[in-house]
2 protein chains.
Amino acid sequence: MDLFHALTDEERSRSRLDAKITALVLDDVDFVTGSTINELAERAGVSPPTITRFCRRLGCASFADFKVQLARMTYVGLRYLKPEMPTTTVSEVIDDIVAKAQDTLFSLHNQLDHDRLEDAARLLRGAGFIQAVGAGGNSSMIANEIQNRLFRLGCHVQSTNDKAMAVMLAAAATPDTVAIVSSMTGRDVELVRCLDLYRHHNVPTIALTQSGSPVSERASVVIPIDLPEGVNIYRPTSTRYAYLAVIDILANLVAYADRQKSLQYLRRIKEELVSNRDGDDRQLLGD
Amino acid sequence: MDLFHALTDEERSRSRLDAKITALVLDDVDFVTGSTINELAERAGVSPPTITRFCRRLGCASFADFKVQLARMTYVGLRYLKPEMPTTTVSEVIDDIVAKAQDTLFSLHNQLDHDRLEDAARLLRGAGFIQAVGAGGNSSMIANEIQNRLFRLGCHVQSTNDKAMAVMLAAAATPDTVAIVSSMTGRDVELVRCLDLYRHHNVPTIALTQSGSPVSERASVVIPIDLPEGVNIYRPTSTRYAYLAVIDILANLVAYADRQKSLQYLRRIKEELVSNRDGDDRQLLGD
DNA sequence: CATAATTATGTAATTAATTTTCCTTATCGG
DNA sequence: CCGATAAGGAAAATTAATTACATAATTATG
């Protein structure tokens, strides 16, 4: 993925033709990945050796290597080579949403802290009762998903989108309670108060939030999620996909900690659903 | 980009060597993308022309084309090349969840019907009132997200996770009402009844569901979402990511239909949130 | 079960693509 | 303006990939 940065790096001393090739590559990645060195050279108005040298300067072993690296980069990054491309037609919107979602998942993948996830999963699977707190549209969804994912594994969970409720929950917490909170900004003043209260009642807390934020500073275990938002105000925040993935990862880790138990609950739920439908048990759980 | 499916397709009649090459490719994508045809042929124990023919059978124009397509596919499909790989460690779970989510988004991208999305968006932006129905964990989330995305654009939406409620809503529908429903299986008996009722009251309906299902047969506009579920019962269904993306696309299309109006509502919401927080207005909307 | 038809595979020849070598032409700092 | 240095191109050399053709394996059919 360094190729992308090398290509967009203004610092890299660029001769006239180098800049020309760079522009061509960024402008039409698909052409470049599909072309021979001669085709590319012709279209760029340079000689083939210049292309080879260009690739070497970018850190690739050869033109073939360059093409492969470029292809590897494109799928996720494709749209992001031209970030300010306007989106209006249906296919542009589809590309935009899907690419940004994939890009977000990719960035998440690179930044996830394995140890913190392990810590969080350990807390969750040891909990007698789990309180999931998240408010305000996006984090509400996440809190609800925590409940939706974990109750299927036999966990006792209560989710709330109401911070006043969270305060009461914290006050009523038994010693085996664990709280898990979500805040995309990490700056929710009331949630910060909730976390202080949880700490006061010795309830361990897991926070899915921006690192360095007030919320992150108060949680027992922080799963930092720091993702750049695009400039497009119209586009729903793709950060939700990352949060959702973290929930899935945590739920999966909890499930694997005791496969027998998880399976038992998942099967029971499935049987109930199937008998309530048309008996087709190949369908997935929990529509 | 069917290459992934072509590679994993058991149907494709495989000769002994074909299977051998397939296995090698799936086993070490990185080696293959970086190797010459001779290196690959030697390692597979076949002759170079066999490799060329193998690539052609998979639908690629040449070995170079095959490498590029493979490289393009790798990140997303990486894990899915070895679907039965056990997931136990934290990094395996992370890879599994993230790759499956990306793969799901990718498949969705390939199957989305642009015209149906356009139709659905047109219905939504012309609606005086939108009713979003979805029940049972996953579809509940989707219905709620429809509300969450659309109210920000100035739409009047009510979401419900209660099918009895949906029946009443349908009965009380004004002539400018549009209903949008979600069902991952498309076999929810009560939802089918709801759709019949909506039809009876002349309320146009949009369904996000499996094609060919009872639900899909009763909706005015169907956005078919047909995705293979993995065999892993422990893993939360990745189909949710696809449904979420469809919501985002629809919301985006609605927003672009009247940018001025959308912007006005989005700004108002943002201002309110910022003044309720710490005044940092670079933060995203609707935590 | 034999045999024809078909398909798969390898070898060698051919073609295409890429890189290297060597030479020319810009560019930059005195 | 001159010399040094870097950039670029032409052509040769090399390497990679494909095609043509021959052979082996497999499958279908009587």
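Below, each value reflects all heavy atoms present in this structure, side chains not excepted, and no hydrogens, waters or symmetry copies. These numbers were taken from a predicted model, which means no experiment stands behind them. The sequence lines fix the lettering, A, B, ..., with proteins before strands; numbering per chain opens at 1.
Ring geometry for B:Phe66 versus B:Phe54: interplanar angle over 60°, hence perpendicular rather than tilted (30 to 60°).
Side-chain proximity of A:Pro48 to the nucleotides D:dG8, C:dT9, C:dT19 is greatest for C:dT19.
With 3.5 Å as the limit, one finds no donor-acceptor pair spanning the side chains of B:Asp248 and B:Tyr243. A donor-acceptor contact closer than 3.5 angstrom links the side chains of B:Ser211 and B:Asp226.
Across all strands shown, B:Thr36 has heavy atoms under 4.0 Å from sugar-phosphate atoms exclusively, and none from any base. A:Leu17 comes within 4.0 angstrom of sugar-phosphate atoms only, judged by non-hydrogen atoms across all strands, and of no base.
In this entry the distance linking CD of B:Glu39 with P of D:dA16 reads 7 Å, nearest Å. As a whole-Å value, the separation of A:Ile51 CD1 from C:dT18 C1' is 12 Å. Following rounding to the nearest Å, B:Ile21 (CD1) and C:dG10 (P) show an atom-to-atom distance of 8 Å. Taking atom CG of residue B:Asn38 and atom C1' of nucleotide C:dG10, one finds them 14 Å apart after rounding to whole Å. A straight line from CZ of A:Phe63 to P of D:dA16 spans 16 Å, rounded to a whole angstrom. The distance between atom CD of A:Glu42 and atom P of C:dA16, rounded to the nearest whole Å, is 16 Å. If you measure from atom CZ of A:Arg56 to atom P of D:dA6, you get 18 Å, rounded to the nearest angstrom. The nearest whole Å value for the distance from the NZ atom in B:Lys20 to the P atom in D:dA25 is 14 Å.
Between B:Ser15 and D:dT26, a side-chain N or O to OP1/OP2 separation shorter than 4.0 Å is absent. Look at B:Thr52 and you won't find any side-chain N or O under 4.0 angstrom from OP1 or OP2 of D:dA17.
Without hydrogens or angle criteria, A:Ser216 side chain to A:Val222 main chain gives no donor-acceptor distance under 3.5 Å.
Between the side chain of A:Arg16 and the base of D:dG8, no donor-acceptor pair under 3.5 Å is found.
Between B:Arg53 and B:Lys67, the residue whose closest nucleotide on DNA chain D is further toward the 5' end is B:Lys67. Comparing B:Ser47 and A:Ile37 against DNA chain C, the residue whose closest nucleotide sits nearer the 5' end is B:Ser47.
Between B:Arg72 and A:Asp30, at least one side-chain nitrogen of the basic residue sits less than 4.0 Å from a carboxylate oxygen of the acidic one, meeting the salt-bridge criterion.
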